[in-house]
Amino acid sequence: MRGQWIPLTVTLAIQAMVAMAVLTLPVMAPAVAQALGASAAYAGVYVAIVYAGGMAASLAGGTAVARWGAIRVSQAGLVLCAAGLALCAVPSLAAMALGAFLIGLGYGPITPASSHLLARTTPAHRMSLVFSIKQTGVPLGGVLAGAIVPGVAVVAGWQGALLLAAAGNLVCALIAQPLRPALDEDRDPRRPLVPGSLAQPIRVVLSHPALRMLAGCSFVFSIAQLSLTTYLVTYLHVTLAYTLVEAGLALSVAQAGGMVGRVLWGWVADRWSGARRVLSALAVLMALSAVATAVLQPGTHYLLVLAVLVVFGASAIGWNGVYLAEVARQAPPGLASVATGGTLAITFFGVVLGPPAFGAMVGLFGTYRASFALLAVPTLLCGLVLLQGARGRAAEVRAP
């Protein structure tokens with residue numbers, strides 16, 4: 001049992017550190033923007049650049065893991081994130097753009113690497129729960145960034161905060177080193193790295209109907225997730241007249257809902273109804289929560305608002321672990337990291353396109369309410385597709 005939890009612990013820590021790296025600059029965007037004489041709205045562009053790098057790196061992640069091992073690739077990702085954070089400390093928008101891309105290159109292969117490691121070391125009956133616990137590293141990284149970075153920025157300046165986060169990533173890479181011989185024992189140093197291998201993850205996904213369906217739904221889910229986390233504070237502040245402190249607390253509550261949800265849904269999927277049924281239910285919850293968020297009024301009791309956002313966060317932020325576990329299950333034998341990389345490229349594409357599309361809808365309709373309401377349409381369709389897929393799979397299992 002102890003040996004099974006070591007990979008989970010190290011992958012959770014790595015996931016948290018790279019997630020913190022992604023969010024370090026955005027959580028202090030106003031201070032950075034003031035120092036550079038730029039608009040804080042550039043934080044959205046920064047996040048898009050990060051995930052563009054993540055898309056590219058996730059495609060190479062599977063082949064890199066096969067050649068060098070999951071721990072070595074994760075260490076390389078941590079070092080790239082550290083380098084990107086250090087570059088972002090240079091007071092130049094061009095340097096920050098390049099730093100954002102480096103952070104994305106470091107972030108992208110982390111999930112394919114951890115999926116490879118966990119798929120190899122986790123019993124099938126615990127897979128959804130273990131993957132979900134590992135994926136709590138993403139909101140945990142957000143919590144760490146929100147709790148630590150602003151305070152450090154006050155004491156040591158925004159550049160000092162970036163360098164501290166970079167140091168944290170490097171320390172995590174060093175701590176992982178003693179585990180490498182045992183956990184990377186399946187690596188194949190002779191595995192070729194050729195340009196064509198970048199297309200393999202996409203080919204694997206497109207050639208398997210179940211993976212195609214999961215990847216398409218993850219594209220929609222990532223749009224819902226990033227739209228919520230990117231625009232919730234602004235929506236509550238502008239439309240419902242909340243103070244920034246109240247709106248920020250509401251976002252923290254939604255993130256906390258996501259952390260709890262990631263573990264809860266993994267347990268439910270393993271013990272009760274299966275991954276696809278859980279994902280279908282989460283899609284419906286996202287749709288209902290998006291509509292509920294859209295109709296909130298300035299006079300709505302604050303606790304009721306928080307209740308809605310807990311459900312929204314638990315669904316729109318909590319789906320990832322169950323999804324990644326199902327991708328690992330559906331992947332061809334030995335190709336969990338490759339399939340994860342291919343599906344993540346499509347997931348990240350939703351991250352890149354989602355927030356700008358949400359913002360465009362705000363401009364078109366002149367209100368955030370319409371954009372939140374529109375999120376319900378594709379998420380509900382995904383729920384129906386996933387439910388149909390779950391029924392089809394159940395019928396296959398029952399067939400003689």
Side-chain angles (χ1 to χ4, degrees), residues 19 23 26 47 132 135-136 138-143 146 217-242 244-266 268-269 278-323 347 350-351 354-355 357-359 361-362 367-384 386:
L23 294 173
V47 171
S132 295
Q135 282 304 110
T136 62
V138 176
L140 176 59
V143 170
C217 290
S218 79
F219 174 82
V220 174
F221 291 173
S222 67
I223 290 176
Q225 178 176 339
L226 267 292
S227 296
L228 172 64
T229 57
T230 301
Y231 291 102
L232 179 62
V233 170
T234 303
Y235 169 64
L236 295 176
H237 181 62
V238 172
T239 305
L240 302 190
Y242 281 22
L244 289 177
V245 172
E246 292 171 332
L249 175 61
L251 177 59
S252 297
V253 168
Q255 290 275 17
M259 288 185 65
V260 174
R262 289 189 182 207
V263 178
L264 175 62
W265 307 137
V268 170
V278 169
L279 289 171
S280 176
L282 291 179
V284 174
L285 280 177
M286 284 183 224
L288 295 175
S289 299
V291 172
T293 301
V295 299
L296 292 173
Q297 299 298 319
T300 304
H301 197 285
Y302 189 56
L303 291 180
L304 179 57
V305 173
L306 294 183
V308 169
L309 295 178
V310 164
V311 177
F312 205 170
S315 54
I317 302 173
W319 57 275
N320 310 68
V322 176
Y323 158 74
T347 305
V351 173
F358 187 101
M361 292 298 100
V362 172
T367 173
Y368 288 90
R369 297 184 187 278
S371 294
F372 275 111
L374 285 172
L375 286 176
V377 178
T379 51
L380 187 58
L381 289 175
C382 284
L384 296 175
L386 285 162

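Model, not experiment: these values are computed from the prediction.
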Plane angle bin for F312 and F372 - parallel if under 30°, tilted between 30 and 60°, otherwise perpendicular: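 Geometry flag for F312 against F372: perpendicular rings.
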Whether [X] side chain and [Y] backbone form a donor-acceptor pair below 3.5 Å:
X	Y	answer
S222	F219	yes
S227	A224	no
R369	L296	yes

With a 6.0 Å cut-off on ring centres, are Y302 and Y242 close enough?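 Y302 vs Y242: aromatic centres under 6.0 Å.
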Ring centroid separation F221 to Y323 under 6.0 Å: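 They do not qualify: ring centres at least 6.0 Å apart.
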Verdict with reasoning, F358 to L375, per side-chain contact (heavy atoms from CB on, under 4.5 Å): CA-CA 9 Å; F358 187 101; L375 286 176; 4.0 Å; yes
Any chance you could measure [X], atom [atom1], to [Y], atom [atom2], to the nearest 0.5 Å?
X	Y	atom1	atom2	value
L384	T379	CG	OG1	10.0 Å
L288	T293	CG	OG1	10.5 Å
C382	L282	SG	CG	12.0 Å
Q255	L232	CD	CG	9.5 Å

What verdict does the side-chain contact (heavy atoms from CB on, under 4.5 Å) test give for V284 and L380, after you've listed the backbone C-alpha separation in whole Å, the side-chain angles of each residue and the deciding distance to 0.1 Å? CA-CA 5 Å; V284 174; L380 187 58; 4.2 Å; yes
Please assess W319 against L279 for the test side-chain contact (heavy atoms from CB on, under 4.5 Å), listing each intermediate value before the final yes or no. CA-CA 7 Å; W319 57 275; L279 289 171; 4.2 Å; yes
Which pair of heavy atoms, one from [X] and one from [Y], lies closest together, and at what distance?
X	Y	value
P378	L374	CD-O, 3.2 Å
M361	S371	CB-OG, 3.2 Å
P298	L240	N-CD2, 3.7 Å
R262	N320	NH2-OD1, 2.9 Å
V47	P26	CG2-CG, 4.2 Å
A376	A290	N-CB, 4.3 Å

Between V362 and Y231, is there a side-chain heavy-atom distance shorter than 4.5 Å?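 They are not in contact (no side-chain heavy atoms under 4.5 Å apart), so the answer is no.
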Applying side-chain contact (heavy atoms from CB on, under 4.5 Å), run through L309 and L236 and close with a yes or a no. CA-CA 11 Å; L309 295 178; L236 295 176; 4.2 Å; yes
